[in-house]
Amino acid sequence: TKFNHVIIRRPGKSLCDGITSAPELGKPMYERAIEEHYDYEHALEQCGVDVTVLPALEQYPDSCFVEDPAVITRCGAIITNPGADSRNGEKNEIEPVVRRFFDDEHVKHIEAPGTLDGGDVMMVGDHFYVGRSARTNEEGIRQFCEILAGWGLEGSEVPLEEVLHLKTGVNYIEDNNMLVSGEFIDKPDFAQYNKVVVPEDEAYGANCIWVNGTVIVAEGYPTVLKAVQDLGYKTLVVDTSEYRKIDGGLSCLSLRF
Ligand code: CIR
């Protein structure tokens, strides 16, 4: 795998109204969120990708999490049907951007009643694991796998019990290495991988991203950082404190392809 492009979207001031399962963490602070977003952009630039930066969309508080309204594979792009009402319209905002990179034949859609969030999709080579979650339903997964099959790719469903999105708790960092936390530690689906078990008190740190040999790790998760470095990866650390307050992390903040 080699990524050439990354798409990110600046957070807006409305970020403080993003959906959250953890209101006790407080609301994101816009000024700090913007600084962290610049740091994230610069980390990506160091990984040899071309970064497309989209402007903030105040009407969609969670729209900086561009991973959810689209899934981009090496064969084509899938515009999703995001499962949260307040986020559903984000699909219409990302589609024209995706079309800059793919022609009509290579852009497909998840249609109602199917729903799917890109955060539930984890790519491992030509196989895509899809979490069945509060956001992604059975019909969404069926359509997604059908589109993949048309491109010679395959998908499989992973039922979720605890986390928001599949990649909240499990992330593939290439070379057969997978970071697993919580409910994913013992899932048979992932038995074949070299699993790096993330301790419960660093669970948020499981959401790392591999970009062309470098792994970007969230700031403040020393066990995760050391485990990734011990595997031989170059690492970059980015603080995502403001995004964490609304259940967002490193993977949600970009589309990588
Ligand atoms: C949401 O609840 O949709 C946002 N506050 C967080 C989205 C995180 N995205 C992701 O894990 N892919």
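Only this structure's heavy atoms are used, side chains among them; waters, hydrogens and symmetry mates stay out. As the structure lists them, so they are numbered: ligands from 1, and atoms in each ligand from 1.
Residue contacts with ligand 1 include Glu67, since one of its heavy atoms falls under 4.0 Å from the ligand.
The shortest side-chain heavy-atom distance between Val49 and Asn212 falls under the 4.5 Å cut-off. Looking at Val71 and Leu116, their side chains come closer than 4.5 Å, going by heavy atoms from C-beta outward.
Of the polar atoms of Arg135, at least one N or O is found under 3.5 Å from an N or O of ligand 1, judged by distance alone. Considering both main-chain and side-chain atoms, Phe65 never comes within under 3.5 Å of ligand 1 through any nitrogen or oxygen pair. Checking only distances, Gly18 never comes within under 3.5 Å of ligand 1, N or O to N or O. Of the N or O atoms in Thr168, none lie within a sub-3.5 Å distance of an N or O in ligand 1. Considering backbone and side-chain atoms alike, Thr20 places every N or O at 3.5 Å or more from each N or O of ligand 1.
Of all the heavy atoms of Asp62, the ones lying under 4.0 Å from any atom of ligand 1 belong exclusively to the side chain. Residue contacts with ligand 1 for Asp117 are absent, since no atom lies close enough (heavy atoms, distance under 4.0 Å). At a heavy-atom distance under 4.0 Å, only side-chain atoms of Arg87, from C-beta outward, approach ligand 1.
Listed by atom number, the atoms of ligand 1 under 4.0 Å from Gly119 heavy atoms are 12 (N). Under a 4.0 Å criterion applied to the non-hydrogen atoms of Ile246, ligand 1 contributes the atoms 4 (C), 5 (N), 6 (C).
Using modelled atom types, no side-chain atom of Asp68 and backbone atom of Cys252 make a donor-acceptor pair closer than 3.5 Å.
Salt-bridge annotation for Arg142 and Glu146: present, with a side-chain N of the basic residue lying under 4.0 Å from a carboxylate O of the acidic one. Between Glu36 and Arg32 there is a salt bridge, since a side-chain N of the basic residue sits under 4.0 Å from a carboxylate O of the acidic one. Under 4.0 Å is where a charged nitrogen must lie from a carboxylate oxygen, and between Lys167 and Glu67 at least one such pair does.
Every residue two or more places apart in sequence or in another chain that forms a salt bridge (charged side-chain N to carboxylate O under 4.0 Å, His left out) with Glu41 is listed here: Arg10.
Looking only at protein heavy atoms, the nearest one to atom 10 (C) of ligand 1 is Cys252 SG, 2.8 Å. Given atom 9 (N) of ligand 1, the protein heavy atom at minimum distance is Asp68 OD2, 2.9 Å.
The two residues Val98 and Ile72 have their closest heavy-atom pair at CG2-CD1, 4.2 Å.
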Please set out all donor-acceptor pairs under 3.5 angstrom arising from side-chain atoms of residues 127-135, sequence neighbours excluded.
unit_1	atom_1	unit_2	atom_2	d
His127	ND1	Glu154	OE2	2.6
His127	NE2	Ser156	OG	2.7
Tyr129	OH	Tyr193	OH	2.7
Arg132	NH1	Glu157	OE2	3.2
Ser133	OG	Asp120	OD2	2.6
Ser133	OG	Arg135	N	3.0
Ser133	OG	Thr136	N	3.0
Arg135	NH1	Asp117	OD2	3.1

